[in-house]
There are 2 protein chains.
Amino acid sequence: MTNETTRDGAKDGATQSAVETAYHRIRHLILTGEMRSGDKLLENQLAAAIGVSRTPIREALNRLNAEGLVVLERYRRGIVADFSLDDAVEIFRLRAILEGHATSRAATRISQADLRRLEELERLMETQFEELGWNEHLEGFDKLNGEFHAVIAAAAESPRLEKILASSLELPASIFNRYSEPVEVRTRRTHAQHREILAALKARNPEWAQAAMNAHLFSLLPSASGSLEHEDGAE
Amino acid sequence: MTNETTRDGAKDGATQSAVETAYHRIRHLILTGEMRSGDKLLENQLAAAIGVSRTPIREALNRLNAEGLVVLERYRRGIVADFSLDDAVEIFRLRAILEGHATSRAATRISQADLRRLEELERLMETQFEELGWNEHLEGFDKLNGEFHAVIAAAAESPRLEKILASSLELPASIFNRYSEPVEVRTRRTHAQHREILAALKARNPEWAQAAMNAHLFSLLPSASGSLEHEDGAE
DNA sequence: ATCCATCAACTGGTATACACTTTTTGTCGG
DNA sequence: CCGACAAAAAGTGTATACCAGTTGATGGAT
């Protein structure tokens, strides 16, 4: 053989495995809110929908269970995890601690290329915000914002820290939006905070960078006063 | 009627699943040092040794991979992860941050029963240390010490924090012993530090408790001076 | 009518068989 | 003797079949 005929899927580059496919698909369903808390995750149904067998589905569900997005109990149907206000507060508190630490480390380690990338990302976020409305912008914003934080986490050069931030401390956007302030209010502030974090990193000032990141995250934290009780049944 | 005849294994209480069995067995092999860094983890071989099929073995290996104890690459044999000095330092730094926070929270939340349990555990550790020699005591100490830290982590009432501490920041004892001070030196200090943490918790003083835990963990951290370069090729 | 036992359908748990990739090993040519 | 190539061996990835436990409905007894 010798001529490289990949005889099946023929995605020449990297045919990602079935479990990767399943994992990302299901994770996306949950994080975007297409599946809501309590929805049933039936292995057969998911297998049919995604087009693989039950085996990779099970591996994917186990990973999501470990990450806390899915609840699995023995012989019981898997369901999408429920996130209470307390859960949201806990996640943001831990993110503040760990991402603050990561930002502090990043301040003395981040490369010029990564700094330029961060500037680029923030510029894109602000540009798209101006050009598109809120609704059009939202999904793109989440992606750009995610990369912004991911670049900083990677620059901390602490692989376990990076992994924890990426896998154990995610909150579905639908839940986040329920508990946080409305987007119009929070995102204008977010841009200013991102710029401050960037300035602190460029100044190579760990304490400032950490404090700015902490301020950013705590500002997103649901107002701890238990005033928000709107159980919208809408939709 | 339904008399409760469990018709197979007959462990009346909770017959733990095959993947639980496999997970704990393999994890134990790694944490105790029975398997060393770089050792191959062959699914068939493990399946035969543990007495289950490959399926639960694969689930167990995936969990251990997520925890960082095992390295899996597609189509490649799994191996026991390698922990460099840098890895050990990283783990202890993150443990200090997170377990310090947990201890701070625990100070205002821990129950009287848990406090008594901690006293009991510390008393046992010291008693067994006096009665048995070092070698006899070691495995028992690890177990008691593990529970000591686990009780505090649980008392913080932050389930994600507890899970991260229990799953993502473990270091195999064999590696720990290679990088840390000799047991005789470190454990006498450990007892004093445990007593101080306990005192701070009983005093309900979060700052003191956090600082004491931080001191405890940083004292176990390998001496950051890069003096230890012994690449033993022995065995 | 309500409650409980029982049973059937459903769902998850495990084992096994097959497909694809890597790794090893043996052979040939230099 | 060494390196490149090729075929066989070994190992992982996925699919499927089968087993075990749960769930919920059904029917009878109270």
Side-chain angles (χ1 to χ4, degrees), chain A residues 1-26 30 35 38-66 69-81, chain B residues 1-26 29 35 38-66 69-81:
Chain A
M1 89 168 142
T2 73
N3 54 355
E4 68 279 87
T5 50
T6 44
R7 65 166 55 101
D8 66 336
K11 287 270 185 56
D12 64 306
T15 42
Q16 72 179 347
S17 67
V19 3
E20 286 293 308
T21 306
Y23 169 75
H24 289 294
R25 287 278 294 275
I26 300 171
I30 297 173
M35 298 194 79
D39 284 358
K40 293 187 248 298
L41 294 154
L42 304 186
E43 299 181 355
N44 279 318
Q45 172 184 317
L46 290 168
I50 297 181
V52 298
S53 85
R54 273 183 58 214
T55 308
I57 296 288
R58 285 178 59 77
E59 283 202 23
L61 288 179
N62 275 313
R63 284 174 61 176
L64 293 164
N65 176 57
L69 291 177
V70 162
V71 177
L72 296 181
E73 277 174 283
R74 210 178 166 195
Y75 292 120
R76 292 237 161 67
R77 299 194 273 257
I79 59 173
V80 177
Chain B
M1 107 230 1
T2 75
N3 52 356
E4 68 276 273
T5 52
T6 45
R7 66 168 54 100
D8 67 333
K11 287 269 187 57
D12 64 306
T15 42
Q16 71 179 348
S17 68
V19 1
E20 288 293 306
T21 307
Y23 170 75
H24 289 294
R25 287 280 294 275
I26 300 171
L29 287 176
M35 298 195 79
D39 285 358
K40 293 187 247 297
L41 294 154
L42 306 187
E43 297 179 357
N44 276 319
Q45 173 183 315
L46 290 168
I50 297 181
V52 298
S53 86
R54 273 183 59 213
T55 310
I57 296 287
R58 286 178 58 79
E59 282 202 24
L61 288 179
N62 276 313
R63 283 173 62 176
L64 293 165
N65 175 56
L69 291 178
V70 163
V71 177
L72 295 182
E73 278 174 282
R74 208 179 163 192
Y75 292 121
R76 292 229 161 71
R77 302 197 269 251
I79 59 173
V80 177

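Below, read A as the first sequence line, B as the second, and so on, with proteins coming before strands; counting in each chain starts at 1. Keep in mind the model is a prediction, meaning the values are calculated, not measured.
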Review point. Atom CZ of R54(B) and atom C1' of dA17(C): how far apart are they, to the nearest Å?
Key: 10 Å

Review point. Near DNA chain C, which residues from residues 57-65 of chain A have a heavy atom under 4.0 Å away?
Key: R58(A)

Practice item. For Q45(A) and dG12(C), give me the distance from atom CD to atom C1', rounded to whole Å. Key: 14 Å

Review point. Mind checking what makes side-chain hydrogen bond (donor to acceptor under 3.5 Å, both in side chains) contact with Q45(A), not counting sequence neighbours?
Key: none

**Study point:** Presence of S53(A) side-chain N/O under 4.0 Å of dA15(D) phosphate oxygens OP1/OP2
**Key:** yes

Check your understanding: Sequence neighbours excluded, which residues qualify as salt bridge (Lys or Arg N to Asp or Glu O under 4.0 Å) partners of R58(B)?
Key -> E59(A), E43(B)

Exercise for review: Quick one: pull up NE2 in H24(A) and CZ in R63(A) and give me the separation to the nearest 0.5 Å.
Suggested key: 6.5 Å

Point to revise | Between P of dG13(C) and CG of L72(A), the distance in whole Å | key: 8 Å

Review point. Taking C-beta and beyond as the side chain, do L41(A) and L64(A) meet within less than 4.5 Å on heavy atoms?
Key: no

Practice item. Tell me what T55(B) touches on the nucleic acid: a base, only sugar-phosphate, or nothing, going by heavy atoms under 4.0 Å. Key: base

Exercise for review: Only counting residues at least two apart or in another chain, list the ones meeting side-chain contact (heavy atoms from CB on, under 4.5 Å) with R25(A).
Suggested key: T21(A), I50(A)

Review point. Is any side-chain heavy atom of L46(B) closer than 4.5 Å to a side-chain heavy atom of L61(B)?
Key: yes

Short N/O separations, protein against nucleotides 7-11 of chain C, under 3.5 angstrom:
none

Point to revise | Atom pair distance, as rounded to whole Å: NZ in K40(B) and P in dT23(C) | key: 11 Å

Exercise for review: Enter the distance from S17(A):OG to Y23(A):OH here, rounded to the nearest 0.5 Å.
Suggested key: 12.0 Å

Study note, to complete from the structure: The side-chain hydrogen bond (donor to acceptor under 3.5 Å, both in side chains) partners of N65(B) (sequence neighbours excluded) come to none

Point to revise | Minimum heavy-atom distance I57(A)-A22(A), with the two atoms named | key: CD1-CB, 4.0 Å

**Study point:** Rounded interatomic separation in angstrom, taking CD1 from I79(B) and P from dG11(D)
**Key:** 15 Å

Exercise for review: Figure out the CD/P separation between E20(B) and dG13(C), and round it to whole Å.
Suggested key: 11 Å

Check your understanding: Quick one: Q16(A) CD to dT14(D) C1', roughly how many Å, whole number?
Key -> 15 Å

